[in-house]
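Any value given below was found using the heavy atoms of this structure, including those in side chains, with hydrogens, waters and symmetry copies removed. So you know, we letter chains A, B, ... as the sequences are listed, proteins then strands, and number each from 1.
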Amino acid sequence: MPRTLLIDVPENFSFRSTVYSHGWCELLPFELDDENWRLSYVFSDAGNGKHSPGVMYENDGKVVVELANAKVPDVKVLADARHILRLDEDLTDFYGKLTQNEALAWVSEKSAGRMLRSPTVWEDLVKTLCTTNCSWALTKIMVRNLVEKLGAPAGRGKYAFPTAEAMARMPEHFYRDEIRAGYRSPYFIELAESVTSGKLDPEAWLHSELSTPELKKEIKSVKGCGDYAAENLLKLLGRYDGLALDSWLRSQFYKKHNREKVCNDKKIERHYSKYAEWRGLAIWCDMTERWFTDGR
DNA sequence: GCGTCCAGGTCTACC
DNA sequence: GGTAGACCTGGACGC
């Protein structure tokens, strides 16, 4: 039976700014209707293998979650929605840092800075691997293939994000031929097997007591995860002291701050050093300003 | 239509 | 520790 849940949001929360924070809203099981500002997702109760396609949107100062069925318990859906939209993340200190720089004043005005994420670190980790060394178009293809070919059917033509168990079962040629993952194929299998065997627990990274450099080292132990991928995942975990520089971010920096000339990473790091532990979020907001101020 | 380049990089071998 | 070369794919681009 369909049902509707309501979630209170913090004062400095913007549904649009959060959904548009980066490309994750374009990766299945997320789907964005940017005319009506509704974000779809397939919620899962991993323990029971149940799934509920849902739609999130903002109305009257609350986030509304409409669900197609009652297969996933309310408490699980609510927790996942809060996690996805980062409703419990306190950005007060970050916004305070931005008052030192008028150029980034728009961030707090637009209530930006909450980077959309998946309900599980597992899903974010796999998606991050899909962003490495390829175009965004290929990233979307790989994620779509993973979801539609390995995800559990959830009705209405929707699929949940595949579990580690489902991914561990498939042979390498499946990833090469069906997912189009190329050289990443053995990495996916190794990662999935590590998670299913209990050797690796990505969800524990959310509350890890390790320092960021130590946690980064652990993330980089995953084959296919280098500096960019580890720092990108750290941002999704709520740690912003790495810049997660990739070719897109670098090119945007050259255009905006270096007269379109290439420079080394040290210069980029110096530029954002004043934001201290928030520098990774500061560079991301700075480089994506047009998305929020010009419309996207 | 075909070849080349490169994109939201990383791994390995070698020095 | 630093660096060169290999690695899959698909889209853009030049011819």
Side-chain angles (χ1 to χ4, degrees), chain A residues 19-28 30 32 112 115-118 123-150 167 170-194 200 202 213 215-237 239-240 242-258 260 262-266 268-269 272 279-292 296:
Chain A
V19 168
Y20 251 2
S21 55
H22 63 138
W24 253 221
C25 63
E26 298 177 11
L27 299 179
L28 290 177
F30 286 117
L32 177 63
M115 296 179 72
L116 190 77
R117 60 184 173 183
S118 308
E123 182 175 331
D124 280 339
L125 177 55
V126 173
K127 285 177 172 174
T128 297
L129 280 176
C130 291
T131 68
T132 57
N133 195 28
C134 65
S135 62
W136 181 244
L138 182 55
T139 296
K140 289 199 282 188
I141 288 169
M142 285 189 277
V143 173
R144 174 174 290 278
N145 287 335
L146 283 171
V147 170
E148 295 185 343
K149 299 185 181 199
L150 284 178
M167 286 186 64
M170 305 309 290
E172 185 175 326
H173 68 79
F174 170 82
Y175 288 96
R176 289 185 183 276
D177 300 340
E178 302 289 329
I179 306 300
R180 312 305 294 163
Y183 70 90
R184 302 167 195 80
S185 301
Y187 300 164
F188 285 135
I189 296 170
E190 187 176 320
L191 170 61
E193 288 177 344
S194 292
L200 191 73
L215 186 54
K216 180 179 171 183
K217 191 176 175 185
E218 185 169 327
I219 295 171
K220 284 181 69 174
S221 72
V222 174
K223 277 272 185 65
C225 266
D227 283 327
Y228 150 74
E231 291 182 0
N232 184 63
L233 192 68
L234 282 165
K235 287 183 182 181
L236 298 177
L237 293 170
R239 301 194 193 208
Y240 304 103
L243 298 184
L245 292 175
D246 55 27
S247 56
W248 184 83
L249 215 48
R250 288 186 180 95
S251 68
Q252 296 300 311
F253 181 88
Y254 305 152
K255 283 180 198 166
K256 189 166 183 177
H257 296 300
N258 209 44
E260 303 207 15
V262 173
C263 64
N264 60 32
D265 292 350
K266 295 280 184 196
I268 303 177
E269 286 164 12
Y272 294 98
R279 55 191 178 271
L281 191 52
I283 187 177
W284 185 256
C285 290
D286 193 20
M287 296 300 100
T288 58
E289 179 181 359
R290 277 190 308 112
W291 297 0
F292 300 92
R296 184 182 169 202

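- Nearest to the side-chain atoms of A:Asn133 among the listed nucleotides B:dT12, B:dT10, C:dC8 stands C:dC8.
- Between A:Arg180 and C:dG10 there is a side-chain polar atom (N or O) within less than 4.0 angstrom of OP1 or OP2.
- The same atom, P, is picked in C:dA6 and in B:dT4; the two are 15 Å apart, to the nearest Å.
- Across B:dC11, C:dC7, B:dA7, the shortest atom-to-atom separation from the side chain of A:Tyr187 is found for B:dC11.
- Checking C:dG11, B:dG8, B:dT10 against the side-chain heavy atoms of A:Ala137 singles out C:dG11 as nearest.
- We find that CZ of A:Arg184 is positioned 9 Å from P of C:dT9, with the value rounded to whole Å.
- Only one option out of A:Lys127, A:Arg144, A:Lys140 pairs with A:Leu28 in a side-chain contact (heavy atoms from CB on, under 4.5 Å); it is A:Arg144.
- Applying the ring-ring contact (aromatic ring centres under 6.0 Å, His included) criterion to A:Phe30, with sequence neighbours excluded, gives A:Tyr41.
- Salt-bridge check for A:Lys149 with A:Glu178: passed, with a basic side-chain N closer than 4.0 Å to an acidic carboxylate O.
- Rounding to whole angstrom units, CH2 of residue A:Trp291 and P of B:dG8 are separated by 11 Å.
- With sequence neighbours excluded, the residues forming a side chain to side chain contact (heavy atoms under 4.5 Å, CB included) with A:Lys223 are A:Tyr187, A:Glu190, listed by chain and number.
- No aromatic stack links A:Tyr228 and the base of B:dG8, using centre distance under 5.5 Å and interplanar angle under 30°.
- OP1 or OP2 of C:dC8 sits under 4.0 Å from a side-chain N or O of A:Arg176.
- The separation between A:Asp265 atom CG and B:dG9 atom C1' is 12 Å, rounded to whole Å.
- Of the two residues contacting DNA chain B, namely A:Leu138 and A:Ala229, the nearest-nucleotide position lying further toward the 5' end is that of A:Leu138.
- For A:Lys220 and B:dC11, the NZ to P distance is 8 Å, given to the nearest whole Å.
- An OP1 or OP2 oxygen of B:dT12 is reached within less than 4.0 angstrom by a side-chain nitrogen or oxygen of A:Lys223.
- Rounded to an integer number of Å, the gap from A:Asn264 CG to C:dG2 P is 13 Å.
- The aromatic rings of A:Trp291 and A:Trp284 sit perpendicular, their planes meeting at an angle over 60°, well past the 30° parallel limit.
- One interatomic measurement links the two molecules: CZ of A:Phe174 to C1' of C:dC8, which rounds to 16 Å at whole-angstrom precision.
- Comparing the same atom, C1', in C:dG5 and in B:dG8 gives a spacing of 22 Å after rounding to whole Å.
- Between A:His257 and A:Tyr272, the ring-plane angle classifies as perpendicular under the 30° and 60° cut-offs.
- Going from atom CH2 of A:Trp136 over to atom C1' of B:dA7 covers 13 Å, rounded to whole Å.
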Task: Watson-Crick or G-U pairs under 3.5 Å in DNA chain C, rendered as dot-bracket with [ ] for crossing pairs and | for another strand - done: |||||||.|||||||
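- No donor-acceptor contact under 3.5 angstrom links the side chains of A:Thr128 and A:Tyr228, judged on distance only.
- Ion pair A:Arg279/A:Glu269 not flagged as a salt bridge, since none of the NZ, NE, NH1 or NH2 atoms sits closer than 4.0 Å to an Asp/Glu carboxylate oxygen.
- Between A:Thr132 and B:dG8 there is no side-chain N or O to OP1 or OP2 distance below 4.0 Å.
- Going from atom CE of A:Met142 over to atom P of C:dT9 covers 10 Å, rounded to whole Å.
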